[in-house]
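Numbered from 1 within each chain, the chains take letters A, B, ... in sequence-line order.
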Amino acid sequence: MITYDHKKIEKKWQKKWGDSGIYKTADNSNKPKTFVLDMFPYPSGEGLHVGHPRGYIATDIYSRHCRMQGKNVLHPMGWDAFGLPAENYALKNKVHPRKAVEKNIANFKSQLSKIGFDYDWSREINTTDPEYYKWTQWIFLQLFKKGLAYQSNEPINWCPSCMTGLANEDLDGDLCERCGTKVEKKALPQWVLKITAYADRMLDDLSLLNWPEHIKEAQRNWIGRSEGAEIEFEVSQTNLTIKVFTTRPDTLFGATYMVLAPEHALVREFLSKIQNKNEVLRYIEVSREKSDIERNAEGKEKTGVELKGIKAINPANKKEIPVFIADYVLGGYGTGAIMAVPAHDERDREFAKKFDLPVKDEPFVDGKKITEQVGGRMTTMYKLKDWVFSRQRYWGEPIPIIHCPKDGAVAVPEKDLPVLLPDVEAYEPSGTGESPLANIPEWVNTTCPTCGGPAKRETNTMPQWAGSSWYYLRFMDPHNAEALVSKEHEKYWDPVDVYVGGDHAVRHLIYARFWHKFLYDIGAVSVPEPFARLEFLGFILAEDGRKMSKRYGNIINPDDVVAQYGADTFRLYEMFIGPFENTTAWNTNAIVGTARFVERVWRLHEKVVDEQVLALDSTVEQTVKKVSEDIEAFKFNTAVSQMMICLNAFEKEGRVGRMQWEKFLQILAPFAPHIADELWEDLGHTESIHVSVWPLADVSKLVSATATIAVQINGKVRGRVEIATNASETEALAAARANPAVALWLAKGKELKALYVPGRIISFVLG
RNA sequence: GCCGGGAUGAUGGAAUGGUAGACAUACAGGACUUAAAAUCCUGAGAGGAAUUAAACCCUCGUGAGAGUUCGAGUCUCUCUCCCGGCACCA
């Protein structure tokens, strides 16, 4: 009984690959390029669980296969290491987040190295490295210079007890997760990026992308373009108007009242005329204090207050209609005001019912025409909002802006980048809502680059999304000190050919597309979209069907699986577990299936004979063909089962020809790189199997002279006949009629129709 | 509520409109073994008829119902349930 010693052999090959540098990527190559990219991980303290490597294994297989096909492959790895978890860890343990990040990265790398990936580690990047975030800051400056970064008072979640701003993840309902205090909204001056300027292009260019349709659809919904009309309603006895946006101007006659968002600016101007002023002010106050969650938690129950004394005029029929404020109308969408058509709109109807307002079912009119008649205009609205880009936090890229009392917000000169993140004594937010950086006067106080007078640095930092919005570009040229990526390298590598990951269907992919399009506009990149093809990845759940989490204690560490079964078995299992995009539960029992497969491959190398085993030819060629196609299509589960079918055939035959065996090892190599290289070496090869040439399927061996064709009578299979592959319909039908079982059935009725679909089916219809 | 994706044996799953359940797990029986593990062989959708026994044979079967088709897991319509995302977007 020969047992495969995965520990020894996997260690041997991991060392050999590292020493020989076969996975190092050349920048100047005549070969066609392939850029294969994983969504790079956030190096958390929990380490990797078995769900993380699934995507990395897929890209590893894909990139190894490309390399063997003669492509110049870029398959890099790096770390998205700024952000809240590292900062919280630092707060709790009183260590610098950099230290925590370093430790976590070391752990992640150790975990990854055991799985045998082909990453070119000389291109490793880390978003918290000043050499990296220098360019994140540089991109911000370009946005600022083009007027796409602006300051605005934006509300944040504010915990009055902790005196700190909170991210949505830090909330427990509308309470602070840490102390249980009710969270308020507080407006702070923040940097905002004008992503809405790119809404149309991001929508239109989805057609250029080879992405799963459901991801494109999610992006369309996120951008949320809708066509409609802007119409102004006069307010009686004033010279003011209320502007609304509606997608249904054709229902204008049915508008029986209007609603403003409580935060709408016009309400202030109406105040002197409002008879129930106190009631209105109270409602505004209450809805201002409500968190978004609270506003939604109330479900469909509508609230609101009429502005008594204010009447608007429906421009279609000149009738006076009442005006309300209600929080079901959002300040941030459209004009923050609506014309309510209770006959047509569900929400308006509910509100009308509650406030006993008339519901008028007026006939529809021509929307374009009516818009013109009442002096409105057709326009386009988006759900997409500009990107609030400031965080009142320590562990992020400093925003490279200097505030001068004379010159206002001034860009830090590019030669002074990076603006280094200084060390601080305490990572707690300042208590005023500002970031901890505000507590370091020697860092904050500086001079204005324009006038040289005293000025202060911006103390907000960037969100975690920033560093991941352009990292794929840095992989093309990771050590460039002069530019974020050189023109030459960018031209060669851009775009990413295959991008693989899960989870971030919308946010990350929208932000990265936005930045890429901006960089395209300023000439920093040469293609309009960053990710030509996207493959979306399903989660691996724990055996209990829940998400793997420390909380449930159901995390499975890849280290343990690799130690017990070996990396090759682990890799094969993660691919065999189900379709790549499916979410599936881990099953410790089932992994023995691929472990047995690896063992059987190992044992079979004793059965290799010099001569070709003709009986195996068609299976081998079929397997080469199927596995090649399946890798290209990310159907790794069926690729693995085809290799199992092939191995079963070898075993049944009791031997395998050397050439057949070589082909089998080569297609196995991307999946199980260690054992494949070991057995390849065993055949006398001196070069690694991973730089050998991918086999082409010999299709001629797939076509046999005869084939078994099923015979259907009235849609049911009643027999099978062996006929020549190139048989005519007449010959096929004759062969079928000659079959005794078929003849018996045909005798039972009157034949109405007979047909032969070549190579597929013979079909008779009886009456 | 809206949008997206699903539903196939005990389980994960396979199947360009053409022999449903490949491949694998679990299970049962057998071989090997003092024994167990490992390994190998065999079986298996449900039901029925028949037989010494087996092959062979028949009916039903891919969430439910209708439709298109010579033929539907696959296409169309209606419905049920599950998962994911967004949630009052005018």
- For G9(B), measure the glycosidic angle (O4'-C1'-N9-C4 for a purine, O4'-C1'-N1-C2 for a pyrimidine) and name it syn if it falls within 90° of 0, otherwise anti.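 Base orientation: syn.
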
Which listed nucleotide ([options]) is nearest to the side chain of [X]?
{"X": "Val592(A)", "options": "C86(B), A24(B), A26(B)", "answer": "A26(B)"}
{"X": "Lys753(A)", "options": "C70(B), C23(B), C86(B)", "answer": "C70(B)"}
{"X": "Ile761(A)", "options": "G18(B), G13(B), A90(B)", "answer": "G18(B)"}
{"X": "Trp222(A)", "options": "C86(B), A90(B), A24(B)", "answer": "C86(B)"}
{"X": "Arg603(A)", "options": "C89(B), G5(B), C40(B)", "answer": "C40(B)"}
{"X": "Thr584(A)", "options": "G13(B), U19(B), G18(B)", "answer": "G13(B)"}
{"X": "Thr246(A)", "options": "A90(B), C23(B), G13(B)", "answer": "A90(B)"}

State whether [X] places a side-chain N or O below 4.0 Å from either non-bridging phosphate oxygen (OP1 or OP2) of [N].
{"X": "Asn582(A)", "N": "G5(B)", "value": "no"}
{"X": "Arg718(A)", "N": "U19(B)", "value": "no"}
{"X": "Arg596(A)", "N": "U25(B)", "value": "yes"}
{"X": "Trp745(A)", "N": "C58(B)", "value": "yes"}
{"X": "Tyr333(A)", "N": "A90(B)", "value": "yes"}

- Message: Within this structure, what is the CZ-OH distance for the pair Phe324(A) and Tyr257(A), rounded to the nearest 0.5 Å?
- Response: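 Between atom CZ of Phe324(A) and atom OH of Tyr257(A) there are 7.5 Å.
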
Worksheet item: Out of curiosity, Lys383(A) NZ to Arg220(A) CZ, how far, rounded to the nearest 0.5 Å?
Response: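 Going from NZ on Lys383(A) over to CZ on Arg220(A), the span is 13.5 Å.
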
query: Tell me: CG of Asn589(A) to P of A26(B), nearest whole Å?
result: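 In whole Å, A26(B) P lies 6 Å from Asn589(A) CG.
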
| query | Atom CZ of Phe580(A) to atom C1' of G5(B): distance rounded to whole Å? | reply |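 That distance rounds to 17 Å.
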
Go nucleotide by nucleotide along RNA chain B from the 5' end; which of Lys383(A) and Ile577(A) gets its closest nucleotide reached first?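 Here Ile577(A) is the residue nearer the 5' end.
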
For Gly336(A) and for Gly578(A), locate the closest nucleotide of RNA chain B by heavy-atom distance; then report the residue assigned to the nucleotide nearer the 5' terminus.
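So the residue in question is Gly578(A).
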
When you compare [N] with [M], how far apart are their [atom1] atoms, in angstrom units rounded to a whole number?
{"N": "C60(B)", "M": "G65(B)", "atom1": "P", "result": "14 Å"}
{"N": "G47(B)", "M": "G29(B)", "atom1": "C1'", "result": "23 Å"}
{"N": "C86(B)", "M": "G73(B)", "atom1": "C1'", "result": "31 Å"}
{"N": "G21(B)", "M": "A10(B)", "atom1": "C1'", "result": "14 Å"}
{"N": "A14(B)", "M": "G6(B)", "atom1": "P", "result": "12 Å"}
{"N": "G30(B)", "M": "A7(B)", "atom1": "C1'", "result": "38 Å"}

How would you label the contact of [X] with the nucleic acid (heavy atoms, under 4.0 Å): base, sugar-phosphate, or nothing?
{"X": "Trp586(A)", "answer": "nothing"}
{"X": "Ser763(A)", "answer": "base"}
{"X": "Asp348(A)", "answer": "nothing"}
{"X": "Val717(A)", "answer": "sugar-phosphate"}
{"X": "Gln712(A)", "answer": "base"}
{"X": "Arg507(A)", "answer": "nothing"}
{"X": "Arg600(A)", "answer": "sugar-phosphate"}
{"X": "Asn221(A)", "answer": "sugar-phosphate"}

Among residues 637-647 of chain A, which ones have heavy-atom contacts with RNA chain B below 4.0 Å?
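Within this stretch, Asn637(A), Thr638(A), Ser641(A), Met644(A), Ile645(A) sit under 4.0 Å of the strand.
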
Tell me whether [X] forms a cation-pi arrangement with [Y], defined as NZ or CZ under 6.0 Å from the six-membered ring centre and within 45 degrees of its axis.
{"X": "Arg596(A)", "Y": "Trp602(A)", "answer": "no"}
{"X": "Lys547(A)", "Y": "Phe539(A)", "answer": "yes"}
{"X": "Lys302(A)", "Y": "Phe351(A)", "answer": "no"}
{"X": "Arg248(A)", "Y": "Phe364(A)", "answer": "yes"}

Distance-only check: which donor-acceptor pairs under 3.5 Å involve side-chain atoms of residues 706-720 of chain A, not counting sequence neighbours?
| unit_1 | atom_1 | unit_2 | atom_2 | d |
| --- | --- | --- | --- | --- |
| Thr706(A) | OG1 | Glu722(A) | OE2 | 2.6 |
| Thr708(A) | OG1 | Glu722(A) | OE1 | 3.1 |
| Asn714(A) | OD1 | Leu766(A) | N | 2.9 |

Notebook entry, point to check: Do you see a donor-acceptor pair shorter than 3.5 Å between the side chains of Thr335(A) and Glu230(A)?
Noted result: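 No, Glu230(A) and Thr335(A) have no side-chain donor paired with an acceptor closer than 3.5 Å.
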
- Does a donor on one side chain sit under 3.5 Å from an acceptor on the other, for Ser226(A) and Tyr382(A)?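 There is no such pair between these side chains.
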
